[in-house]
Amino acid sequence: MDTVCTHLDRIQSVTPTPPDGCGDCLAIGDTWVALRLCLTCGHVGCCDSSKNKHATAHFSKTGHPIMQAYREGSQQWKWCYVDTMYL
């Protein structure tokens with residue numbers, strides 16, 4: 001039996017905020033490895049390979065379940081934090 005993400009209905013048309021990097025890292029003058037875009041609200045946070053892990057922190061704070069790679073060229077994958085699966 002295939003596992004299906006139960007949170008696809010939470011995906012919205014979003015505007016990346018901020019569009020140029022991890023807003024939390026920019027606010028503290030820090031750097032990031034890669035960016036993730038919340039598909040519920042448009043929050044841009046840094047990935048778990050970054051020391052601050054702001055994308056995961058955003059999920060922990062808001063419960064917004066699905067994010068995707070952001071500004072990584074051809075990488076278009078999505079991840080559901082709740083169902084722990086790629087989409």
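Quantities reported herein were computed from a predicted structural model and do not represent experimental measurements.
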Peer 1: Give the C-alpha distance, both sets of side-chain angles, the deciding distance and a yes or no for side chain to side chain contact (heavy atoms under 4.5 Å, CB included) between Arg71 and Asp20.
Peer 2: CA-CA 9 Å; Arg71 300 182 78 186; Asp20 58 344; 4.0 Å; yes
Peer 1: For His58 and His64, I'd like to know if the aromatic rings sit close, meaning centre-to-centre distance below 6.0 Å.
Peer 2: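 Centroid distance His58-His64: below 6.0 Å, so yes.
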Peer 1: Is any side-chain heavy atom of Tyr81 closer than 4.5 Å to one of Thr56?
Peer 2: yes
Peer 1: Linking I/L/V/M/F/W/Y whenever their side-chain heavy atoms sit closer than 4.5 Å, directly or via other members, would Met85 and Leu39 fall into one cluster?
Peer 2: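 Yes, Met85 and Leu39 fall within the same hydrophobic cluster.
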Peer 1: Which heavy-atom pair separates Pro16 from Val44 by the least distance, and what is that distance?
Peer 2: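 Distance-wise, the nearest heavy atoms are CB-CG2, 3.8 Å.
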Peer 1: Shortest non-hydrogen contact from Leu35 to Gly21?
Peer 2: CD1-CA, 3.8 Å
Peer 1: Taking atom types as modelled and ignoring hydrogens, do the side chains of Asp83 and Thr3 form a donor-acceptor contact shorter than 3.5 angstrom?
Peer 2: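 The criterion, which ignores hydrogens and geometry beyond distance, is not satisfied for Thr3 and Asp83.
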Peer 1: State whether a side-chain donor-acceptor pair under 3.5 Å links Asn52 with Asp30.
Peer 2: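 Per modelled atom types, Asn52 and Asp30 side chains form a pair under 3.5 Å.
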Peer 1: With a 4.0 Å cut-off on N to O distance, would you call Arg36 and Asp48 a salt bridge?
Peer 2: no
Peer 1: Going by heavy atoms in the side chains, are Cys47 and Trp32 under 4.5 Å from each other?
Peer 2: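 In short, these two side chains do not touch, never coming nearer than 4.5 Å.
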Peer 1: So, the side chain of Ser50 versus the backbone of Cys46: is there a donor-acceptor pair under 3.5 Å, distance only?
Peer 2: no
Peer 1: Provide the closest heavy-atom pair for Lys78 versus Ile66 in the form atom of the first, atom of the second, distance.
Peer 2: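 Smallest heavy-atom distance, with atoms named: CB-CG2, 4.2 Å.
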Peer 1: CD of Gln12 to OG1 of Thr40: how many Å apart, nearest 0.5 Å?
Peer 2: 6.5 Å
Peer 1: So, taking the atom named SG in Cys25 and the one named NZ in Lys53, what distance separates them when rounded to the nearest 0.5 Å?
Peer 2: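 Reported to 0.5 Å precision, the distance equals 12.5 Å.
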Peer 1: What distance do Cys80 atom SG and Gln68 atom CD have between them, rounded to the nearest 0.5 Å?
Peer 2: 13.5 Å
Peer 1: Indicate if Met67 and Phe59 have the same hydrophobic cluster label, given that clusters are the connected sets of ILVMFWY residues with side-chain heavy-atom separations under 4.5 angstrom.
Peer 2: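 In one cluster: yes.
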Peer 1: Side chains of Asp24 and His43, heavy atoms from C-beta outward: is any pair under 4.5 Å?
Peer 2: yes
Peer 1: Quick check: do Leu26 and Pro18 have side-chain heavy atoms less than 4.5 Å from each other?
Peer 2: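 Yes - at least one pair of side-chain heavy atoms lies under 4.5 Å apart.
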Peer 1: Ignoring hydrogens and angles, tell me if any N or O in the side chain of Thr17 forms a donor-acceptor pair with the backbone of Thr15 under 3.5 Å.
Peer 2: yes
Peer 1: Identify the heavy atoms of Val82 and His7 that sit nearest to each other, and give their distance.
Peer 2: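 Heavy-atom minimum between the residues: CG1-CE1, 3.2 Å.
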Peer 1: Shared ILVMFWY cluster between Val14 and Trp79, side chains joined below 4.5 angstrom?
Peer 2: no
